[in-house]
Amino acid sequence: MSKIMSRYNPSTSEPKWQAAWEAAKAFDADEMDASKPSYFALEMFPYPSGRIHMGHVRNYAMGDVIARYKAACGFRVLHPMGWDAFGMPAENAARDKGIHPKGWTYENIAAMRAPMKRLGFALDWTREFATCDVDYYKQQQAIFLAFKEQGLVYRKKSKVNWDPVENSVLANEQVVDGKGWRSGAVIEQREMNQWVFKITHYAEELLEGLKTLDRWPEKVRTMQANWIGRSEGLNMRFEWEQVETFQRFDNPSNSSFSFKVDSGVNYNPITLGKITGEIENGLEIFTTRPDTLYGASFIAISSDHPLAISLSHKELLDTYPEKFGNEYSGVEKEISDFRVKCSQIGTTEEAIATADKLGFDTGLRVKHPFIEGKTLPVWIANFVLMGYGTGAIFGCPAHDQRDLDFARKYDLPVPAVVLPEGEDASSYDVGTEAYTGEGTLFNSGFLDGLSKEDGIKAAIAKIEEMELGHGTVQYRLRDWGVSRQRYWGCPIPIIYCDDCGAVPVPETDLPVALPDDVSFDIPGNPLDHHPTWKDVPCPSCSKPARRETDTLDTFADSSWYFARFAGGNTSDRPFDKAEASKWLPVDQYIGGVEHAVLHLLYARFFTRGLRDCGLLDLPSGEPFAGLFTQGMVTHAVFQDSDGVYIEPANVEEKDNQLLTIDTGKIVTKGDVIKMSKSKKNTIDPEDIIADYGADVARWFVLSDSPPARDFEWTESGVVGAWRFSGKVWNLVTATEFKGNPLNAADDATGDALDIRKFAHKAIDKITDGIEAFRFNTSVAQIYELTNALTKYKGDDAARLEALGILIRAIAPFMPHLAEECWAMIGGQGLCYHAPWPKADASLLTEDTVTLPVQVNGKRRGEISVPADASKDDVEKIAMAEENVVKTLEGLTVRKVIVVPGRIINIVAS
RNA sequence: GCGGGUGUGGCGGAAUUGGUAGACGCGCUGGAUUCAAAAUCCAGUUCCUCUGGAGUGUCGGUUCGAGUCCGACCACCCGUACCA
C-alpha cells in the first residue's frame, strides 16, 4: 500500500464535479431516458428570506438522498426547485428599509441560489421559477377564475384583526398580546367581505382520501382527520317560551310572535320584533351529545350569533341611527358592550379557547323539548364559535368541561345524567371535572338505562319524531378565506362595478399585474392607496369600475407549484395537462411537520379543484403519494450576563468556561432550541461549506439524528463528519488494486470472503435505511463497513468490490467525494450513473447463530448453535451451558421457551 | 384550551414484528506513532455499595420476557385557519 496520502480537497473537487454533472445535464429530466419509470422527488420549496439556513440544508439533503438513490435504482427522476416568493417579510423590508419588495425578493433568490448550487444537489434547475413571477401568478389568476366558474369560490363576511391606529388589517402574527406589533393599539375584530375557497365542498373526500395515503405518516393523517373534524350529531331547535306579543318591526302585517323575558330585563319591543327568520320558530343548536339533553342547564349562543346582534340593537342602530340612537341604552347597550369585550379576544382559535369564560344572560328562555314546563336560560358566551355548527349550543355542564367551567362561574345547575360504571346514582357528583366517558344514562326519562351510543340514537329519533330537528353530519373544517389586504401577493382578478357587481377579469386581460410604483409610507394596503391602478372600466358594461385590491393568501401559491414543475412553464395555461398528469402524484414529498395540516390540506384541495375544472387528470385528487415530515434543526442558545444573545461563532471554551471571543465576557449555555435569528443561535451553512465543503455539511446533517426528529447542530459533530470523509479518502488512496469495481470477487475465501459478506449485508441495511427514511442507521452501517475495510489487510478484488459498494452507498450523501473516489478506483463514467449495489443473497446467510440464554428473564449465558438446529437441540445445548447450569443449581425448571433464531428463556423456581 | 408528537449513558442516537438495552458517532481516558503537535491507528468507556445488583421521563399493570403493549401522570416541542 502506498504511504503517500494526499488530503482530499473539497474546495477544488466539489466545483469540478458540479461542472461535470452540469455538462452531462445529469439532472435534467427532459434529457433522461424516457423509457425508464418516472419518479417525482420534491422538497417543500423555500421562502427567499435572503440566507439559506440549516433547516434548508437538512431538507434538501434528505430529498437529494432520495433523488440520487432513485436515479441509481433506474428511475427517471424529476427533482425541481423554485421559490415561494410572495409574503409579508418582503413588505416588512419595504416598510423598514425602504427597499421595493420585488427587488428585495429577487436579490434574495439570487443570494440563496448560489449556496444551494454549491451544495451540489441533484436539482433540475431548468424548471426553476418563483411564485412572484408574473408568468406564474397570471396562471394562478386563471385558476382562481376557473375555480369560480366551478362554484368553488364565493364571497363571505369574515373576521379580521383591525388595528384602529394604523387603519389596517393585521395578520395573527402581527398581533402580540392583543395589541398591534407596531402601533401597540388594542386590536379589534372587524368583519370584512372576503373571497373564500369552498374547501368544505370536498370535506368528505378529503377525509376519505386520507385512508389511501399509506405512505404518509400516521400522525399527519390523524391531524388532518381531526382538523376536518367530521362529527355526527343533532341539529335541533329549542322553542321559545312565549308570553308577551310584540309586533314585528320590519313588516307589521306579518304574523306576530313573542318571547318570555325574565322580570328585570326590559328589551325595547322593537329589538325583539326585529328577530325574524329561522330564529322566529326557535333557537337552532348543534350537539354531538343529544343523549345528555336531560342534563341541559342553559343555552349558549356565540356573541356573533344573529340573535346576539339583534339583541344588541346593532342592526337598527346601523340602519336608523337618527331614530334609535337616543333610545340606545339598557339591556341592548349592555349586550353591545359585551360583544365588544368578546371581540377583543382575538381571532385565533387558541386565544378564544384559553380566554376566561365570559357570559351574558339575555333573560330570554326556551322550552326543554322533553321536560314539560322546564325552561332554560339563553346566554351569550365567548367560547361558542359562530363558525361551527349553528353558533349555538345547549350546555350540559356535568358532561362537558367548558360547559362546566361556565356553569360554575355563573352558578348554573349541574345535573348529571351519565353514570360512570361503579358509581351510585344517588350520590354521584361530577365535582370540578366533567365526565365525558361511557356510562349509563339516568335522570333522563325515556333514555334511562341506555348507553351513551344508544342514548344518542334514541334522542335523535325522538327529536325527529317531534319535528324539532334531525340527525346531521358536521365538519369542523371551515371554508378557506383567501383575501389579504396586502401588496406582495397574487392580485385577485375581479373588477367591481356599481351596476354589474363583482365581474371576473376576462381571461384575455390576464395577468392582472402588480404595479411597481407603490408606496409603503402609509399603513394599509398599497394597492388600495395607489392613485390609478384600481380604476378600470367594467369588462361587462364598460362603465368606470374598480379593481379588487386584495391579493391571494400565499398558501394558494404553494398549493399547485408541484403541478407547474411537472407540467412546464406554459404561458397559455397553468401547466401542460398530459405532462403534469404523467408525473403526478409526487412520489416523495419532504418538508417540515409544521405544514402537516394547512399547506398539505390546501394542496389536496387545489388538486381536486384542478381535476374538477378539467385541468388535471388525477382521479384520486391526491397530490403527494409519499410524504415525509422532518424535524427542525436546533442549536444551543448562548447569553452573556446581561441576557444578550451571543452567536455560537463568537463563543469559545477556555478552562471549562464559555467566553465570547471578541470581548472575553462569560457566557452561559441555555436551551437547545430551533435556530432563529432573534435568539442568534444560527449556524450559517455558507461558513460550513467554506470550512469543510458541501459533502461534510450534508453528511453531518443526515448522520446522527433520525430525520423525523429535531437535529441538534454541534461543532464537534461537524468535525467528526470531516474526519470520516478523510477516512474514506485514505481507504481509496491506499488501494492499489485497480479494475472494475462492479465486478464480484467470486473466488474469495477466508478474510476476503468475510469482507464480501460484510459488504453485501451492509448493502441491505443501508438500502433499508434509505427506503424507510432512517438515514442515520444507513450512516451507521456505512461507518461499520468503513471500519471493516480499514481492518481488512488484503489489497485485492474483494477489497475493490467492497470499496465499490461503499462509494456507491455514500454517493447520495456525499456525491462529490463519491465521484472523486469512483474515478480513482477505476469506475467507469459518473458515479451518479452507476447502478445501486445489489446484495448477493448467497452471502447473506450464516451457518451458525449465537443465542442468548435467559434464566427467569435475566441473561445468564450465550450459546452458538447451527442455524437450522431444532428447538429440542437448542434447548439441550442451552441447558448444558456452564453459567446456566451454575445459575440453575438448587432450582426446579418449570418451563423452557425457545424462540428460534432469537432467544432461550428458562423459567425456574 | 384543543389536536398531534417526543422523552434511552456525559452528548446525538440504535434496538422496524414483545426476545442479548446502549449498535454507530461525538466526547473522555489510556497506549502506539512523533523532537513536538496535528492527523492517523489500537484499547477502554451506562451506573452502583461490583463473585452481585440497578437501569430506557414518573407511578402502576399485562407477560416466561416490556424501551416496545395497557392505564394514570410529568416535562418539552409542533399546529391551532392572516408566519411561511
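Letters go in sequence order (proteins before strands), and every chain restarts at 1.
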Point to revise | Check: A/Asn172 side chain, B/rC82 base, donor-acceptor under 3.5 Å | key: no
Check your understanding: Rounding to the closest angstrom, what is the interatomic distance between B/rC73 and B/rG7 at atom C1'?
Key -> 14 Å
Exercise for review: Pick the P atom in B/rA14 and in B/rG71, then give their distance to the nearest Å.
Suggested key: 25 Å
Check your understanding: Of A/Glu350 and A/Met88, whose closest RNA chain B nucleotide lies nearer the 5' terminus?
Key -> A/Glu350
Exercise for review: Quote, to the nearest angstrom, the P distance that separates B/rG44 from B/rA23.
Suggested key: 12 Å
Point to revise | Interatomic distance at C1', B/rG60 relative to B/rC76, whole Å | key: 23 Å
Check your understanding: Looking for any heavy atom pair under 4.0 Å, which part of the strands does A/Gln485 touch: base, sugar-phosphate only, or nothing?
Key -> base
Practice item. Report the residue (A/Ala353 or A/Phe724) whose heavy-atom-nearest nucleotide on RNA chain B is the more 5′ of the two. Key: A/Ala353
**Study point:** Ionic contact status for A/Arg478 with A/Glu349, cut-off 4.0 Å
**Key:** no
Check your understanding: If only side-chain N and O atoms of A/Asn776 are considered, is one of them under 4.0 Å from the OP1 or OP2 phosphate oxygen of B/rG25?
Key -> no
Practice item. Would you please classify the geometry between the A/Phe773 ring and the A/Phe775 ring as parallel, tilted or perpendicular, with 30° and 60° separating the classes? Key: tilted
Point to revise | Nearest-Å distance once atom P is located in both B/rA15 and B/rG22 | key: 13 Å
Review point. Centre of A/Phe383's six-membered ring, under 6.0 Å away, within 45 degrees of the axis: is that where NZ or CZ of A/Lys357 sits?
Key: yes
Check your understanding: Reckon A/His599 touches a base, only the sugar-phosphate, or nothing at all at heavy-atom distances under 4.0 Å?
Key -> nothing
Check your understanding: When you check the phosphate oxygens OP1 and OP2 of B/rU40, does a side-chain N or O of A/Asn730 lie under 4.0 Å from one of them?
Key -> no
Exercise for review: Treat a base pair as Watson-Crick or G-U wobble with both distances under 3.5 Å, then lay out RNA chain B in dot-bracket form, 5' to 3', with | for cross-strand pairs.
Suggested key: (((((((..(((......[....)))((((((.......))))))(((...)))..(((((..]....))))))))))))....
Practice item. Give a yes/no on whether any side-chain N or O of A/Asn787 is located under 4.0 angstrom from OP1 or OP2 of B/rC41. Key: no
Check your understanding: Rounded to whole angstroms, how far apart are CD on A/Gln781 and P on B/rA23?
Key -> 14 Å
Point to revise | Donor-acceptor pair (no angle test) under 3.5 Å: A/Gln401 side chain, B/rC2 base | key: no
Practice item. Return the minimal non-hydrogen interatomic distance between A/Trp722 and A/Tyr8, and the atom names on each side. Key: CH2-O, 4.2 Å
